[in-house]
Amino acid sequence: KTVELAIVPRVRIPVSPPASFYSIKSVPYKATKAVQSVCYTRRYTEAAMNLLKRGNTYHFRIRIPSDLTPEFSRKEIQQSLKTDDKRTARSRALRLSRLLNDGFDQVRQAISLKRSQDDVDELITNLLTSIGGTRRRTLSEESEETIIDMSNLIAAYLKEKKPSVEQRTFETMEYSFQLVIHFIGNINLNRLNRSVCRDYRDKLSGSPKYLLRDANASITQSPISTKSVNKHMQFFSSMLRWAAREEFILGNPADGLTIKRKTAPWEERLAFSKEDLNIIFDNLWNEEHLISRRWVPIISLFSGMRLEEICQLRHCDLIEQDGIYCFSISPEAGAIKTAAAERLVPVHSKLIDMGLLELASPDPNQGPDRLWNDLSPNKYGRYSNSVGKWFGRYKRRKGFNDNRHCFHSLRHTFINELKQIDAPEPVIRQMVGHADNSITMGRYGKRYDVKKMKQWIEKVGYPYLFGLHQECP
């Protein structure tokens, strides 16, 4: 008979291979010893694929059979092999694989014999104990006894994250985890599995916005958006991923449960058309008397800067470099979104013609060093809150009722203008503060000088904007 052999990577075979890794049943009758060796080698390679490396340490990971997932309350088992040597890691992975596969068979047998749930649970506990999987490293010996349910896990996670996140983000996380308790309950972590996490996602999808913040939300509020559901699932999954790293649980049962969105990324926010811009900016300075409301939208349109980046500008953030006036965006002025957001943005000549330099000159009688003396920070230290709310009301008054039209649409408009004139993508990324993750341009290539960026920013002119052919009064 003809025997078909698959080409497999060369793997060093132990002198005394474990019997469970021979696959004699799958070898055709009268096949040669070479074929048996290939079959064994293939299974040995598959076992090696259970290895993963975190830092310098190898870990073992094995998927729990789907028929046993409800009993183990998780999808996979991970265990540190406590070595940085690949050969040693393979040997230990083989031993764990044998123990677990034998244990899976014993659990199946107990279920088929209809033994009590306590007996099955004891088998699983003994199996995990044999590989060292039930000893869960905790933040302290005291927490080892207390982190057994969802509320204690949430409290430990929030305590860990609070020093490293902004207050606004922290409060959003707190509310998100209140939803977890509302829909899942304060369950024991041993009962947390994929089915529970999927059920939580489905209940979230059918709930109203601001469910726990508004007593009449089920009546007055529209359903929560897919974007918000995914945000809550990401918070939940991040917490469980942290819990798995700390070995409070084995694996993350919420991994990959976000909902695939049907909207294309470029459709989530709309850019303003030529006609839209004339409606937005027509008579703007005659209608609005606050200095920030007159200038902030126009600066965004001609620079692509984010709302908060403009609102937190100081007089000293308008600088001159190589003979070119630039906006300097830095953490010293306030919060910036990412490390890539710290940058210089050349000032468009249109803004200079409209009187920006005179506005930016410090006035000793004004007191604060902020460019917009009519803006005050909110409790999070953000200056953009009032401008963002005003622009929402203003654009609706102008007839723009689609929520995809917002202040951020001005940034989209600026980027789209650069794209339509074939500006190089790395130039656009640097100008608007997006990270370049490529090795060549992001790591080895350094930043463009302001003269190069000035050439491109001046090509964005909006000649059709009749409402801007005036100077700031």
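Given the structure is predicted, the values throughout are model-derived calculations rather than measurements.
- Rounding to the nearest 0.5 Å gives a distance of 10.0 Å between OH of Tyr58 and CG of Leu81.
- Side-chain contact between Arg382 and Arg168 is present, with heavy atoms from C-beta onward closer than 4.5 Å.
- Other residues, nucleotides and ligands contribute more than 12 heavy atoms inside 6.0 Å of the NZ atom of Lys398.
- The closest side-chain donor-acceptor pair between Tyr380 and Glu171 falls under 3.5 angstrom.
- Here the CH2-CD distance, from Trp242 to Glu160, works out to 5.5 Å after rounding to the nearest 0.5 Å.
- Under 3.5 Å, the side chains of Ser225 and Ser228 contain a donor-acceptor pair of N or O atoms.
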Kindly indicate, with the supporting measurements, whether the criterion side-chain contact (heavy atoms from CB on, under 4.5 Å) is fulfilled by Cys406 and Phe400.
CA-CA 9 Å; Cys406 58; Phe400 297 93; over 6 Å; no
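- Sparse packing is recorded around CZ of Arg63, with 12 or fewer heavy atoms of other residues, nucleotides or ligands lying under 6.0 Å away.
- A donor-acceptor contact shorter than 3.5 Å links the side chain of His348 to the backbone of Ile457.
- Looking only at distances, no side-chain donor or acceptor of Trp285 sits under 3.5 Å from a matching main-chain atom of Arg293.
- Checking Gln420 against Asn416 by side-chain atom types alone, a donor-acceptor pair falls below 3.5 Å.
- One N or O on the side chain of Thr413 and one on the backbone of Ser409 form a donor-acceptor pair closer than 3.5 Å.
- To the nearest 0.5 angstrom, Leu100 atom CG is 5.0 Å from Leu127 atom CG.
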Can you check side-chain contact (heavy atoms from CB on, under 4.5 Å) on Leu359 and Trp372, steps first, answer last?
CA-CA 9 Å; Leu359 174 71; Trp372 322 112; 3.5 Å; yes
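- With a 6.0 Å cutoff to the six-membered ring centre and a 45° limit on the axis angle, Lys162 counts as a cation-pi contact of Phe170.
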Hey, mind stepping through Lys82 and Arg92 against side-chain contact (heavy atoms from CB on, under 4.5 Å) and telling me if it holds?
CA-CA 10 Å; Lys82 300 178 180 179; Arg92 294 177 182 178; 4.3 Å; yes
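- Within the 3.5 Å criterion, the main-chain N or O of Ala341 finds a donor-acceptor partner in the side chain of Arg343.
- Listed for the Gln312 side chain is a donor-acceptor partner under 3.5 Å among the backbone atoms of Ala335.
- Glu332 CD to Arg314 CZ: the interatomic distance, rounded to the nearest 0.5 Å, is 6.5 Å.
- The closest donor-acceptor contact from the side chain of Asn283 to the backbone of Asn286 lies at 3.5 Å or more, if one exists at all.
- Using modelled atom types, one side-chain atom of Arg194 and one backbone atom of Asp255 make a donor-acceptor pair closer than 3.5 Å.
- Under a 3.5 Å cut-off, the side chain of Lys395 and the backbone N or O of Asp402 do form a donor-acceptor pair.
- Using modelled atom types, one finds a donor on one side chain and an acceptor on the other under 3.5 Å when comparing Ser151 with Asp149.
- Looking at Ser349 and Glu458, their side chains do bring a donor and an acceptor atom within 3.5 Å of each other.
- Between Asp317 and Ser330, the side chains place no donor N or O within less than 3.5 Å of an acceptor N or O (distance only, hydrogens not considered).
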Going through the checks in order, is the salt bridge (Lys or Arg N to Asp or Glu O under 4.0 Å) test met by Arg198 and Asp202?
CA-CA 6 Å; Arg198 186 181 292 107; Asp202 295 342; over 6 Å; no
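- For Lys53, the NZ atom is densely surrounded, since the number of other residues' heavy atoms within 6.0 Å is greater than 12.
- Phe414 and Phe302 have their aromatic ring centers separated by at least 6.0 angstrom.
- Here the CD1 atom belonging to Ile279 is positioned 13.5 Å from the CG atom belonging to Leu284, to the nearest 0.5 angstrom.
- The closest donor-acceptor contact from the side chain of Glu309 to the backbone of Arg306 lies under 3.5 Å.
- For the residue pair Ser273 and Asp276, a side-chain donor N or O sits within less than 3.5 Å of a side-chain acceptor on the partner.
- Remark: Glu425 CD is loosely packed, at most 12 non-hydrogen atoms of other residues, nucleotides or ligands lying under 6.0 Å away.
- Remark: the backbone N or O of Asp84 is not paired with any side-chain donor or acceptor of Thr88 at under 3.5 angstrom.
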Starting from the C-alpha separation in whole Å, work towards a yes-or-no answer on side-chain contact (heavy atoms from CB on, under 4.5 Å) for Leu344 and Ile319.
CA-CA 9 Å; Leu344 295 177; Ile319 66 173; 3.6 Å; yes
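- Rounded to the nearest 0.5 Å, atoms NZ (Lys231) and CG (Leu204) are 11.0 Å apart.
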